[in-house]
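What you see is a predicted model; the values in this text were computed from it and never measured.
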Amino acid sequence: MQSGEIERLVVVGGVISGAGKVLIPTPIPDFLTRYPDIFTRLENTGVFKGSKHGRPNHVLLNEYKPGQGIMPHEDGPSYFPAVGTISLGSYTVVDYYRYRPLDEEDSKVDDPDIDVSAGANQRGRAIDPVPVLCVLLEPRSLVVTTKELYTEFLHGISERTQDMFCPHEDISGPETTEGTRIANYRMLRNNDIKKCIAEGGVLERQDRISLTCRDYENVRTINTERGTTTQANPKVRLCPPGHSVLTRRIWSSKHWPKQSPMEDVESKEVALLGPPTMELPPNSIMWIKMIRSHFLLIQSSGAILAPWDLTAPLTCVATCNLDGTVDGAVIEEEEDPRMMRILLSTRSCTTYKLRLDIPDSNESQAPLRLTPSIVFGGLCQILDARGPLFALSRLEGRGPGAFIKDQRGSAVVELASLPPGALLDPPLSNHGGQNSRLQIAHNGVIDIQIFDDVIVVARNCNIDLYNLLEVAERSFNGAESGGVSTVQPLRYLNYPNLERPVYRGSLLRHPNPRLGISPGSLALFSAEYPSCYRIISWPEWRQGTAAPSEITYLEGLVKVAGCMFNTALGPSGHRFALSEDENLSIYFTSRRDSDSTTGPQSSEGRMAGWMIAGALGDIPVALDFDEVTGRCVFAMASGRMWVKETTNFSSEPRAFNSLKKLLPDFEVIEIPNPDPARWPVVIPFRTPYNFGNPPASDPPKEVAPRWSDEVDKYFPYKNRPDCYGSTPWLIHEALHIPVVWPGHHPPSVGEYGARTVLFTVEAAEPDSPFYDEVIEVRPLPGSDERSGFWALVMDCGNWEFYRLRPVGGLDDIVAHLQHDGIGKLFENDEPWPADEVKLGQLSRWRYRHNRRFGQLISERNLT
């Protein structure tokens, strides 16, 4: 986990797959295995004698500038508990820390130089800010950390340009007011450094290169072109800066690839997607983002972020490491075409500013440089930024919401909203015909946008408007004290004609006259319908008038068939890309007059469509689209990735069954995972349809007629908080009740979470179409949903959720089931509106899982 700016990072030895936590090996360069043969020298020390390979197989090369460091962290259990660190260039001081004892009441750390987020995220404990040991690393030295110092302590490097030492005779502790005490003073060989420490002097840090050598024990070879190899797929390259083939030119708008003018012409035909442009290891693609249609940022497992040059030949031009999976990005436009700044947030609640320096034509040997720097921590899912203000939708420890953070201080402002019930009864001033039967368990945030004097928050059931000046003053004035304050909205605006919550969509960043969205209005484009709420009278809101605002519902902009997985919308909403069950499509929204509210003039609006070959057993995971150039990037869980040009669609071969059969299929070596970053666990091969493996001679024990509580025995994956399709997944993703936190999985429902506590015995039968469950739900702090019990009714593959009346605890529910059915406990006869898109994705994943891997199991049993 980097602190400050790390100049360069090079990964040697392979790519770590996040889903299975395995190393996909790549060739080791000669300087580590021949001359000076560092690996053999490390092997001869004996510290790796007990490891699986007996020597290192994975190396991180970091370049540190003066003033740069790394936060206290552990290397983790995936490595053999020994690490060899070689220092080249400058000296440095490594500090070793311990966790605070659990019985200490004060777990907060006031030292601003110590970031405790690493330890808090990994172990749920605070870090003692006082190091227990300080070790000076001389140039050309090797330090080995092993045994308890590896497994029980953390290590880090403080961000300093110089080090002041206490005299060697001072034995008061590792750190004193006079300076740092060096534990390995008597072992130092450099007489000048040793004399400076003995006299309590000061040393200036210079540029330093570190080689961190470890043995990653879980290594997997992969199958390429139906042949076994000990190397990773040769199409996967993480090239160090300075070793990539770059196209030398000045990158400005006039140097982007020339694209043919895009015409909004419908096409009812479908082309074949064809062989992938790039292949990565299965379940390794965590996040992608296209930059100016020329660079593609790919984050693979292991938190490695790499920009790829999309021009021929396709090339990885740099790499860097982040502390977690990216969950949001905002691109800052720069006047200098040779520099770009991208704001990134990660699920580990760290916000970065990523600087991309692009060499011009005069720098023939200069590499593209990718420099991450930490802006602040504690929040994630960035949605917008304006000046020093950042808009994010998750606060660590508080769950989801709308939050504004001023990067100049530590204060956070929460943009509050009315609870869902208050939004429905009584209706608010802007009567919009909202369905009074609409229910929602949590009014979550869809998007946030910061304007000149107003902040707009689009939620599942309404839009809130906030005074920007009030929010900015609250954020700035509270910078010294920190903490979280709350600001109420100026206006609540309900969506008209709303029959179910809007779970996904985007506030359009640019005007679109074809949709009647002028510079003085606002629009929310929903990818579920897909439809658009056009909100006008925007200038009146700025003036604070009390007149009802006008909201127009533009219905059916395009027609989408099939199960949606990913959408990528242009800033103006004029064109967007959509990955469906077995197709990739590019749509344009219907042409309209500015005052028209009638149906679309176009019947479908699809400009281009591709059929995905070999889709059985695979699942879409990532998508990005450039609205201007028409370039689209699409990835699937198998690691296959395509770069497609909409402007070339008319010349591509159309899809026919005979043509599809000519394409070579691929072999899936891992169960495809639709969301490996948040839900890394998937069901193993040999489990029935309903997440269980019941023995035929051991029926479930009943606590009430037809009801059993032996959930963990018959459904070992159902309550796992990190398993795709589990009960926590259903509550968090389908009902949108926050019960899990990215990067942190609760040990039990006692604190917060969701778990199935009862099930009908029919659920233990493989492929049973009918069964019921009782689920205990305890949402994260900050949610507007109360703790309680829910019922899940499965009816021929359809999920229906009902909240139960508060009748007491689980024993009271069991007592009721002794004499009556579960339906008598329903709070409402109508099921709650679940996220049909998410449930559709789960259905398709289960269908493919059963077909693909059922065939594999049958074939293995026959042989």
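Atom CG in D323 sits 6.0 Å away from atom CE in M71 (nearest 0.5 Å). Taking OG of S373 as the reference point, atom NZ of K353 lies at 6.5 Å (rounded to 0.5 Å). One finds the OG1 atom of T346 at 6.5 Å from the CG atom of D327 (value rounded to the nearest 0.5 Å). To the nearest 0.5 Å, atom CG of residue L310 and atom OG1 of residue T277 are 9.0 Å apart. To the nearest 0.5 Å, atoms CG (L305) and OG (S300) are separated by 8.5 Å. To the nearest 0.5 Å, the span separating SG on C563 from CG on L839 amounts to 9.5 Å.
Taking the side chain as every heavy atom from C-beta outward, V621 and M286 never approach each other to under 4.5 Å. At least one side-chain heavy atom of L154 sits under 4.5 Å from a side-chain heavy atom of I127. Looking only at side-chain heavy atoms (C-beta outward), L735 and E785 stay at 4.5 Å or farther from each other. V682 places a side-chain heavy atom less than 4.5 Å from the side chain of W845. Side-chain contact check for R631 versus S293: some heavy-atom pair is nearer than 4.5 Å. Residues L343 and L354 form no side-chain contact, since every pair of their non-hydrogen atoms from C-beta on lies 4.5 Å or further apart. Using a 4.5 Å heavy-atom threshold, the side chains of L392 and K405 count as touching. Side-chain contact between D712 and N719: present, with at least one pair of heavy atoms (C-beta onward) separated by less than 4.5 Å.
Side chain of N283 to backbone of N673: a donor-acceptor contact under 3.5 angstrom is found. A donor-acceptor pair is defined here as one N or O able to donate and one able to accept, closer than 3.5 Å; such a pair exists between the side chain of D624 and the backbone of M290. In this structure a side-chain-to-backbone donor-acceptor pair under 3.5 Å is missing from T351 to V375. Judged by distance alone, the side chain of D384 and the main-chain N or O of I450 form a donor-acceptor pair under 3.5 Å.
No donor-acceptor contact under 3.5 angstrom links the side chains of E74 and Y79, judged on distance only. Looking only at atom types and distance, the side chain of D309 has a donor-acceptor partner in the side chain of H294 under 3.5 Å away.
For E836, there are no salt bridge (Lys or Arg N to Asp or Glu O under 4.0 Å) partners at least two apart in sequence or on another chain. A search for side chain to side chain donor-acceptor pair (under 3.5 Å) contacts involving Q449 returns nothing, not counting sequence neighbours. Here S506 pairs with D447, L569 under the side-chain contact (heavy atoms from CB on, under 4.5 Å) rule; sequence neighbours left out. Every salt bridge (Lys or Arg N to Asp or Glu O under 4.0 Å) that D835 has, sequence neighbours left out, goes to R504. Residues forming a side-chain contact (heavy atoms from CB on, under 4.5 Å) with H155 (at least two apart in sequence, or on another chain): H73, D75, V94, Y96. Qualifying side chain to side chain donor-acceptor pair (under 3.5 Å) partners for Q841, counting only residues two or more places apart in sequence or in other chains: none. Under the side chain to side chain donor-acceptor pair (under 3.5 Å) criterion, N566 pairs with S579, not counting sequence neighbours. Considering only residues two or more places apart in sequence or on other chains, Y150 meets the ring pair (Phe, Tyr, Trp, His ring centres under 6.0 Å) condition with none of them. Applying the ring pair (Phe, Tyr, Trp, His ring centres under 6.0 Å) test to F403 and every residue at least two apart in sequence or in another chain returns nothing. Residues meeting the ring pair (Phe, Tyr, Trp, His ring centres under 6.0 Å) test with W287, sequence neighbours left out: none. With sequence neighbours excluded, the residues that form a side chain to side chain donor-acceptor pair (under 3.5 Å) with T756 are T727, E773.
Contact between N460 and H442 at its shortest, heavy atoms only, is OD1-O, 3.2 Å. Nearest heavy atoms, A391 versus I448: CB-CG2, 3.6 Å. Residues A577 and I586 share a closest heavy-atom pair of CB-CD1, 3.5 Å. When every heavy atom of V711 is checked against every heavy atom of K718, the shortest pair comes out as CG1-CD, 4.3 Å. Between A402 and R459 the shortest heavy-atom distance is CB-NH2, 4.0 Å. The two residues L623 and A568 come nearest to each other via the heavy atoms CD2-N, 4.0 Å.
Note on ring orientation: taking the six-membered ring where Trp is involved, the planes of Y587 and F576 are parallel (angle under 30°, cut-offs 30° and 60°). Aromatic ring pairs are classed by plane angle as parallel below 30°, tilted from 30° to 60° and perpendicular above 60°; the pair Y724 and W729 is perpendicular.
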**OP:** Show your reasoning for whether side chain to side chain contact (heavy atoms under 4.5 Å, CB included) applies to V330 and I342.
**Re:** CA-CA 6 Å; V330 175; I342 307 167; over 6 Å; no
**OP:** For side chain to side chain contact (heavy atoms under 4.5 Å, CB included), just list the numbers for I775 and R755, CA-CA rounded to whole Å, side-chain angles, deciding distance to a tenth of an Å, and then say yes or no.
**Re:** CA-CA 6 Å; I775 300 173; R755 63 172 182 170; over 6 Å; no
**OP:** Using the side chain to side chain contact (heavy atoms under 4.5 Å, CB included) rule, take I731 and H736 through it: C-alpha gap first, then chi angles, then the decisive distance, then the call.
**Re:** CA-CA 6 Å; I731 299 302; H736 289 260; over 6 Å; no
**OP:** Go through the steps to decide whether S345 and V326 satisfy the test side chain to side chain contact (heavy atoms under 4.5 Å, CB included), and finish with yes or no.
**Re:** CA-CA 6 Å; S345 61; V326 176; 5.8 Å; no
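For R778 and Y752, the positive end is not near the middle of the six-membered ring at less than 6.0 Å and at most 45° from its axis.
In this structure, W642 has its ring center no closer than 6.0 Å to that of W610. F390 has its ring centre less than 6.0 Å from the ring centre of F376.
In summary, R844 and D581 engage in a salt bridge, as defined by a charged side-chain N under 4.0 Å from a carboxylate O.
Applying the salt bridge (Lys or Arg N to Asp or Glu O under 4.0 Å) definition to pairs two or more places apart or across chains, those involving residues 727-741 are R678-E733, E733-K838.
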